[in-house]
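Data block below; observations after.
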Amino acid sequence: MQRGDFVYIDYVGRIKETGEIFDLTKEEIAKKEGIYDPKFRYRPIPVIVGSNLLIRGLNKALEEMKVGEKKKVEIKPSDAFGERKEELVKIIPESVFKERNIEPVPGYLVTVSGLRGRILSVSGGRVKVDFNHPLAGKTLEYEIEIVKQIEEKEEKVKAIVCYFTGMDEKEVNASFKGEEVEISFKNKPELTIRAKDIISRTIFKWIDGVKKVRFIDEFEKEA
C-alpha cells in the first residue's frame, strides 16, 4: 500500500507483556476471549495509510502489505504511544475537583485543563493524576488484515465520516457536484460543529479536488 490509500482493516491489538487485548474489530475473537460487548459494533474499520489516524508502527506495517494479506507485527513504544513520562504524573489539590462537584476516586478518568488522565490516588487533600496515554511505554502486538481498498471518491468520504462517528457506511450518503461534496445521513445523527470541521479538514487533506463540504439535514413530514 502507499501513503494516502484508503483501506478497511481488521485487527486485534494486544499488550505484549501481558497478552491483554486492548482493542479489536472481530466479534468472534471478543466472544472467545470473554470480552464481548453487545453494545459495540465489531467490523472492519476504515483508515488512511500514512495518516495520523494511525500510530506510526501500524502505518509502517500497512505500507508493506497488500489487500487480502494478514500479518502479525510487534510495535515498540517509540512507534506506538511513546514512552511514559514522569512529568505527566501531576499532584492536584482535591479542592480543584470539589469546585467542579467531582468526587475524586482512584481509577476514575478526569479532564483537567483540557488533558485527560486517570486518578492514581487520593490522600491528604492531594490527588495524583496520570496524564500519560494508558498504553504509553507498552510494546504492542497486532494481528492485521487488509480487508479491502477504497477507490471511489464517494466511498472515501463515507469512510472518513464513519471513522470519526462510528457509523456504518450504509448510514451515510455522499455525492459530488464538481468540487463540492454533499453529505447526508439516514438516521440524522447529532454532529457538533467541531466534528464537522474535523471531518471536512480530513476530506480536504486526503481527497483530491474537494473545495467545499456541505452537510445536509433532511426532514420528512410524517404521514
Counting heavy atoms not belonging to Asp208, are there more than 12 under 6.0 Å from its CG?
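Not more than 12 within 6.0 Å, no.
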Near Lys70 NZ, under 6.0 Å, is it more than 12 heavy atoms from other residues, nucleotides or ligands?
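It does not: Lys70 NZ has 12 such atoms or fewer within range.
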Which pair of heavy atoms, one from [X] and one from [Y], lies closest together, and at what distance?
X      : Y      : answer
Pro106 : Ser121 : CG-CA, 4.2 Å
Trp206 : Gly50  : CH2-O, 3.9 Å
Asp5   : Met1   : OD2-CE, 3.5 Å
Leu109 : Arg116 : CD1-NH2, 3.4 Å
Lys138 : Ile15  : CD-CG2, 4.1 Å
Val181 : Ala174 : CG2-CB, 4.4 Å

Is any side-chain heavy atom of [Y] closer than 4.5 Å to one of [X]?
X      : Y      : value
Asn173 : Lys186 : yes
Glu169 : Glu155 : yes
Arg43  : Asp168 : yes
Glu94  : Pro104 : yes
Thr165 : Leu191 : yes
Val12  : Arg14  : yes
Val49  : Gln2   : no
Ile75  : Thr139 : no

Any salt bridge between [X] and [Y], counting N to O under 4.0 Å?
X      : Y      : value
Glu171 : Arg41  : yes
Glu180 : Lys211 : no
Glu74  : Lys76  : yes
Lys31  : Glu27  : yes
Lys71  : Glu143 : no
Asp130 : Lys90  : no

Quick one: do [X] and [Y] end up in the same hydrophobic cluster if we chain Ile, Leu, Val, Met, Phe, Trp and Tyr together by side-chain heavy atoms under 4.5 Å apart?
X      : Y      : result
Phe22  : Val47  : yes
Leu140 : Ile21  : no
Leu24  : Ile146 : no
Val73  : Ile29  : no
Phe176 : Ile199 : yes

Identified side chain to side chain contact (heavy atoms under 4.5 Å, CB included) partner of Ile119 from the options Ile92, Val110, Ile102
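Testing each of Ile92, Val110, Ile102 against Ile119, the sole residue satisfying side chain to side chain contact (heavy atoms under 4.5 Å, CB included) is Val110.
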Worked check of side-chain contact (heavy atoms from CB on, under 4.5 Å) between Lys205 and Arg201:
CA-CA 6 Å; Lys205 181 174 181 178; Arg201 290 177 182 272; over 6 Å; no
Test side chain to side chain donor-acceptor pair (under 3.5 Å) applied to Asp10 - qualifying residues, sequence neighbours left out
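With sequence neighbours excluded, Asp10 shows a side chain to side chain donor-acceptor pair (under 3.5 Å) to Thr25, given in chain and number order.
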In Å, rounded to the nearest 0.5 Å, how long is the span from CZ of Arg214 to OG of Ser175?
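Arg214 atom CZ to Ser175 atom OG measures 10.5 Å (nearest 0.5 Å).
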Working to the nearest 0.5 Å, report the span between CG of Asn59 and OG of Ser51.
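So the gap between those two atoms works out to 6.0 Å.
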Under a 3.5 Å distance rule, please check whether Thr111 uses its side chain to pair with a backbone N or O of Gly114 as donor and acceptor.
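Absent.
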Any pair counted as ring pair (Phe, Tyr, Trp, His ring centres under 6.0 Å), so long as it reaches residues 32-65, sequence neighbours left out:
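Qualifying pairs: Tyr36-Tyr42, Phe40-Tyr42.
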Ring pair (Phe, Tyr, Trp, His ring centres under 6.0 Å) partners of residues 63-104, not counting sequence neighbours, each pair once
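For residues 63-104, and leaving out neighbouring residues, the ring pair (Phe, Tyr, Trp, His ring centres under 6.0 Å) pairs sorted by first residue read Phe81-His133.
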Worked verdict on Lys158 versus Ile150 for side-chain contact (heavy atoms from CB on, under 4.5 Å)
CA-CA 10 Å; Lys158 291 165 66 173; Ile150 307 166; over 6 Å; no
May I ask you to check if Lys72 and Tyr142 form a cation-pi contact, with NZ or CZ under 6.0 angstrom from the six-membered ring centre and within 45° of the axis?
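Judged by the rule (NZ or CZ under 6.0 Å from the ring centre, within 45° of its axis), Lys72 is not positioned above Tyr142.
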